[in-house]
> 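The following block contains the structure, expressed as structure tokens.
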Amino acid sequence: MTMSNLDDLYREIILDHYRTPRNRGELESPPAVRVEGFNPLCGDELVLYLVVEDGVVTNIKMTGHGCSISQASSSLMSVAVKGKSLPEVETVMERFKEMMTLKERSLDENGEEAPLDLRSLGEIAALAGVVKFPVRIKCATLAWKTLAEAVAEASSN
Amino acid sequence: MTMSNLDDLYREIILDHYRTPRNRGELESPPAVRVEGFNPLCGDELVLYLVVEDGVVTNIKMTGHGCSISQASSSLMSVAVKGKSLPEVETVMERFKEMMTLKERSLDENGEEAPLDLRSLGEIAALAGVVKFPVRIKCATLAWKTLAEAVAEASSN
Amino acid sequence: MARGERVTSFDARAVRADTPMMKRVVNGRPLTYLDSASSSLPPRAVIEAISRYYELHHANVHRGVYTTANEATEIFEGARVAVADFIHAPGGAEEVVFTHGTTESFNLLAKSWGAANLREGDVVLVSEMEHHANIVPWFQLRETTGIEVRFIPVGDDYRLDLTDIDRLMDGVRLLSVTGMSNVLGTINPLGELAALAHRHGALFAVDGAQSIAHLPTDVAALDIDFLAFSAHKMLGPTGLGVFWTRREILADMPPFLGGGGMILDVRTDGYTPASGPTRFEAGTPAIAETAGLSAAIRYLNGLGMDNVAAHEHELTIDALERLEKEFSGRVRVIGPADATSRGGVLSLDVEGVHPHDVAQILDQYGVCVRPGHHCAKPLMRRFGLAATARASFGPYSLTSDTDVLIEALGEAVSLFA
Amino acid sequence: MARGERVTSFDARAVRADTPMMKRVVNGRPLTYLDSASSSLPPRAVIEAISRYYELHHANVHRGVYTTANEATEIFEGARVAVADFIHAPGGAEEVVFTHGTTESFNLLAKSWGAANLREGDVVLVSEMEHHANIVPWFQLRETTGIEVRFIPVGDDYRLDLTDIDRLMDGVRLLSVTGMSNVLGTINPLGELAALAHRHGALFAVDGAQSIAHLPTDVAALDIDFLAFSAHKMLGPTGLGVFWTRREILADMPPFLGGGGMILDVRTDGYTPASGPTRFEAGTPAIAETAGLSAAIRYLNGLGMDNVAAHEHELTIDALERLEKEFSGRVRVIGPADATSRGGVLSLDVEGVHPHDVAQILDQYGVCVRPGHHCAKPLMRRFGLAATARASFGPYSLTSDTDVLIEALGEAVSLFA
Ligand SMILES: Cc1ncc(COP(=O)(O)O)c(C=O)c1O
Ligand SMILES: Cc1ncc(COP(=O)(O)O)c(C=O)c1O
């Protein structure tokens, strides 16, 4: 039996971020913005702490629990946005969203050759395989939805 | 197409009692016992007035509305019990009940030749065809159930 | 078919051929089904969608990760989309709550929205031609909140009597009216009533149990606020209904039934309800039934609801005319004599013959009509009737059904003459 | 079947052959269905009973006079008799109320019987292992009446901790407990709990959602007062459930949902409810579903519930043993380790692998297990878990299912190692 779909979902990079999540922990709030995320279907829970100074994400930390996809996604996300300016963060969030709405077909056609915008995503592109598992998309997007809320809150302060 | 079942149900005697119900009307209560009967499935309604003197049904009257079966049944019932002693009334009620629980088969086997206990019922035997139409049994029994209540009430006075 | 068939603009014979129940023979006669107002006969496509669901895709929905659980969830959520499209829900599938029927939908309306929004003295205005489903839940709410339940009278023309409507609207917070009467066939002016309600600051609920299957329904164009209907009256399965309301209203409605599925969290000291339609869908839903409803909607869309309405309109004109001609008054139709704004529901009052006897005699001809009060006792009282024998059309009905109806009614009339 | 089959005392292969879903191939593998605790897979006889109903007998029930309406009514009322026999209802069919599932049954219990009989300060005692269906309705009742909802703790042995039960019973008017936990598999001592409740002057309700399909149920012998269960967990259809209580209790329960069917009379100024089960069955019921439930009961009776229980018991002993042996502690079963008083529900906690990932990997092997909190959040909190991956058996389960489960769990363990 071919387990290729599974391999797409559980790429080494995802398992690595799941086993060794980056930016785990809490930050004092305030000054950090604290936002909770929840995926009622799976029970994934996330608490995100975000510090924005002079329009730049200077620190980000997270606690919570969830499946490998939600955990890896939040870890990958934290690495992708830490140190970035808010417009850069917006761009990453936009690219991630596009990736999650890619049709399974277009992914297959490109095979291992990720399309240009995927490559520009860096490590985050490892999450592209999730779109083959529609129920797991919510796991992957939880961290990003929570980030969007935190960014909005930080910007309104 | 054979309409024989219909003929069993709508015997001339039933249509006659439906068109010209006997013992229609009200009686002053007290002295008459007044009992209401209701068939929620069909909406048949019956108000029965019963006078028992010295253990004999000296008068019975009814108002209400319903289908031909319920109307004919109550008219036939009133004729059957008027002037009868309470034990005789009990016997008629018992015979009627038996008739209503006859299996359709036993009726068919006997064809037009009604079994002995049917013949002993007199005109009431005309209602035997109802058992071929199980939903209509409630229409036929309404008057009798109401009578049983009225007899019980009259006896307890 | 032995009898001459008058062809209408709509090929109902194809629909009939699609409907397995139509092959039934009853008392030696082919089935003449004239009880669609009570429940409709599903086409093969609906029955097969249900079987196929159980044979290939059955699993509990939500929270499933495995393949068939996802398939079941897609079937279930897909039906929500199909319903939203069918009624033109402006906010899409997120406005569609699955219930177990029109009746449960009205209980949800009364006991969630009503209990949260209505106070002592507030008025819910219904009409005298409502089905008990749109009356009893309001009486129950009255017991707990002290609201007033008021009735729009029905005129001698069997239509809502709106002459005094502005006075009747005084204090009204909700106007709740049927789209089509299941006894009279009367089609109510929903757009006009919506505007009236909104002018008086009230919301407008529609009992769509009859209208959903016989007329196109566009909640956005009609500007209505709540809609309730049942799958089994629109060629779908039993055990499934719909409650629709606008997203903003739904968002503020408190939970109704409690249990699994409708929660976000449960602790030993309390619970947090979920948001969206899920909040109102406690427990395992009617999943196979949604597969059937989707198939029914696909089927009705294939026919075109405008065509269905036009077809039944022609049948109604024809039947009204012939009943009048054949029986010269001995068979009275309780409902508008004129087919304008009127559906194919013919409540019959046969002189000298009780409706139960009518139905019994008709059954010998294989004709299915329903005797009784049709769960509309206030309306029956209004017209001094205990019951009628109701014949009603569906998309599979033909003028030949009316032929058999008339033949059988003739027997009833002569048997009791 | 390629893998070696250990034969149990019960020929489950025949049951499997009767179950169309078992022919499904998922991700190149035959279906290994281990989610019966969530919903069961109906045999062909059930699916066909539903189709046959729609093809031959469909009509609305009650008040019908014509042939097919009588047939539908007989099918519907016949199911009531079948249910009464199946659970040994002392008062027969007149004690059986059809609902749309266990969840609605508990809402009926809380909002009809509970609202009428419980006052501020009265205690409803449930357990920490209850499904949300037996928790949330009581929280909702608490909001309106001020009752207290109290929990029997669950011990480290995954069984009810009854050490302090006499103190816990103080003020209790209703004890309401599950027959079998849908997470732990624990079978509760219903007879003992019934006696306890009655000794304290309380009534005793049982959540039979799990136990009904896996154990014989005799409400008279157990001396219980209320029973709730769902057709879809006992090889029957979705959209149908049962509420049972003793005739005397039912007679005094006020109406729940309002609408057609549950009334004796409706006037513009009020209504009179019907008596018997009808009072609680507002609107058109799930008719086709009752045909399916009757077929499911016939099928289960054919198997014999004792045999079903014995078969699943053997499967459970085998699976517990092999899971322990194969994974030496890396796969923990959340539930009694010992198969005594325990059903075939295996909640798995795989070291280092989240239940969702477990379920996802298993799906590649065609194995259906359910990840999540299983609508028992208080229980999950009790054991410090967010979720488990739950495998559960049905009468069609075989030891070969456990083979595939173990093979797939091996992959999960090694992928995440
Ligand atoms: C123990 C228990 N109680 C109640 C329920 C709820 O049943 P339903 O969802 O059919 O209403 C379930 C099943 O989910 C259950 O396992
Ligand atoms: C106008 C109307 N409203 C409500 C209902 C109730 O629908 P259900 O019995 O499917 O809940 C019906 C059908 O009986 C109806 O005709």
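A, B, ... follow the sequence lines: proteins, then strands. Residue 1 opens every chain. None of the values given here were measured: they were computed from a predicted structure.
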> Minimum heavy-atom separation for D:Pro378 and C:Thr268, please, with both atom names.
CB-CG2, 3.9 Å

> Return the option, out of C:Pro237, C:Gly372, C:Ala59, with the maximum number of heavy-atom pairs under 4.5 Å with chain D.
C:Pro237

> Chain D heavy atoms under 4.5 Å from C:Leu56: which part of the residue, side chain, backbone, both or neither?
both

> Go through the atoms of C:Asn134 and report whether side chain, backbone, both or neither lie under 4.5 Å from a heavy atom of chain D.
neither

> Let me know if C:Val358 has heavy atoms under 4.5 Å from chain D in its side chain, its backbone, both or neither.
neither

> Under 4.5 Å from any heavy atom of chain C, what part of D:Leu257 do you find: side chain, backbone, both or neither?
both

> Would you call D:Arg370 and C:Val65 a side-chain contact if the rule is heavy atoms closer than 4.5 Å?
no

> Write down the atom of C:Gln140, the atom of D:Phe256, and the distance for their closest heavy-atom approach.
NE2-O, 3.1 Å

> Can you see which heavy atom on D:Gly260 is nearest to which on C:Cys375, and at what distance?
CA-SG, 3.8 Å

> Is it the backbone or the side chain of C:Tyr33 that comes under 4.5 Å from a heavy atom of chain D, or both, or neither?
side chain

> To check you understand the geometry: which heavy-atom pair defines the closest contact between D:Tyr66 and C:Val369, and what is its length?
CD2-O, 3.3 Å

> Most heavy-atom pairs under 4.5 angstrom with chain D, which of C:Glu128, C:Lys111, C:Glu104, C:Arg44?
C:Lys111

> With a 4.5 angstrom heavy-atom cut-off, is it the side chain or the backbone of C:Leu108 that approaches chain D, or both, or neither?
neither

> Looking only at heavy atoms and a cut-off of under 4.5 Å, which of C:Ala133, C:Pro255, C:Cys368 has the most pairs with chain D?
C:Cys368

> Test side-chain contact (heavy atoms from CB on, under 4.5 Å) on C:Asn60 and D:His232 and set out the steps.
CA-CA 9 Å; C:Asn60 214 323; D:His232 73 95; 3.8 Å; yes

> Does any heavy atom of chain D fall under 4.5 Å from the side chain of C:Lys23, the backbone, both, or neither of them?
neither

> Please identify, among C:Lys233, C:Arg150, C:His373, the residue contributing the most non-hydrogen atom pairs under 4.5 Å to chain D.
C:His373

> Say whether D:Glu289 and C:Thr238, considering side chains only, have a donor N or O and an acceptor N or O under 3.5 Å apart.
yes

> In terms of heavy-atom proximity below 4.5 Å to chain D, should C:His131 be classed as side chain, backbone, both, or neither?
side chain

> Pick from C:Ala110, C:Ala376, C:Ala282: which one has the most heavy-atom pairs with chain D under 4.5 Å?
C:Ala282

> With only heavy atoms counted, which part of D:Val61 is less than 4.5 Å from chain C, the side chain, the backbone, both or neither?
backbone

> Which atoms of C:Thr68 are under 4.5 Å from chain D, going by heavy atoms: the side chain, the backbone, both sets, or neither?
side chain

> I'd like to know which of D:Asp269, D:Thr144, D:Leu362, D:Leu41 tops the heavy-atom pair count under 4.5 Å against chain C.
D:Asp269

> Looking at D:Met21 and C:Tyr54, what are the two nearest heavy atoms and their distance?
CG-O, 3.1 Å

> How many angstroms lie between CD in C:Glu48 and OG in D:Ser51, if you round to the nearest 0.5 Å?
8.0 Å

> Using heavy-atom distances under 4.5 Å, tell me whether C:Ile50 contacts chain D through its side chain, its backbone, both, or neither.
side chain

> Measure C:Arg24 against the heavy atoms of chain D and call it side chain, backbone, both or neither at under 4.5 Å.
side chain

> Of the backbone (N, CA, C, O) and the side chain (C-beta and beyond), which part of C:Ile263 lies under 4.5 Å from a heavy atom of chain D, both, or neither?
side chain

> Quick one: of C:Gly259, C:Ser40, C:Gly239, who has the most non-hydrogen atom pairs under 4.5 Å with chain D?
C:Gly259

> Answer with side chain, backbone, both or neither: which region of D:His374 has an atom nearer than 4.5 Å to a non-hydrogen atom of chain C?
neither

> What residue among C:Arg381, C:Met380, C:His132 forms side chain to side chain contact (heavy atoms under 4.5 Å, CB included) with D:Val266?
C:His132

> Could you look at C:Val367 and say if it's the side chain, the backbone, both or neither that has a heavy atom under 4.5 Å from chain D?
backbone

> With a 4.5 Å cut-off on side-chain heavy atoms, are D:Met262 and C:Val136 touching?
yes

> Determine, stepwise, if the pair D:Thr67 / C:Asn27 fulfils side-chain contact (heavy atoms from CB on, under 4.5 Å).
CA-CA 8 Å; D:Thr67 303; C:Asn27 293 320; 3.7 Å; yes

> What is the minimum heavy-atom distance between D:Lys377 and C:Leu264, and which atoms define it?
NZ-O, 3.9 Å

> Among D:Phe106, D:Phe151, D:Trp138, which residue forms the greatest number of heavy-atom pairs with chain C at distances under 4.5 Å?
D:Phe151

> Please classify the contact between C:Arg142 and chain D as side chain, backbone, both or neither, with a heavy-atom cut-off of under 4.5 Å.
side chain

> Checking C:Glu71 against chain D: side chain, backbone, both or neither under 4.5 Å from a heavy atom?
side chain

> Given heavy-atom pairs under 4.5 angstrom as the criterion, report whether the side chain, backbone, both or neither of D:Pro371 touches chain C.
both

> Between D:Glu130 and chain C, which part of the residue has a heavy atom less than 4.5 Å away: side chain, backbone, both or neither?
neither

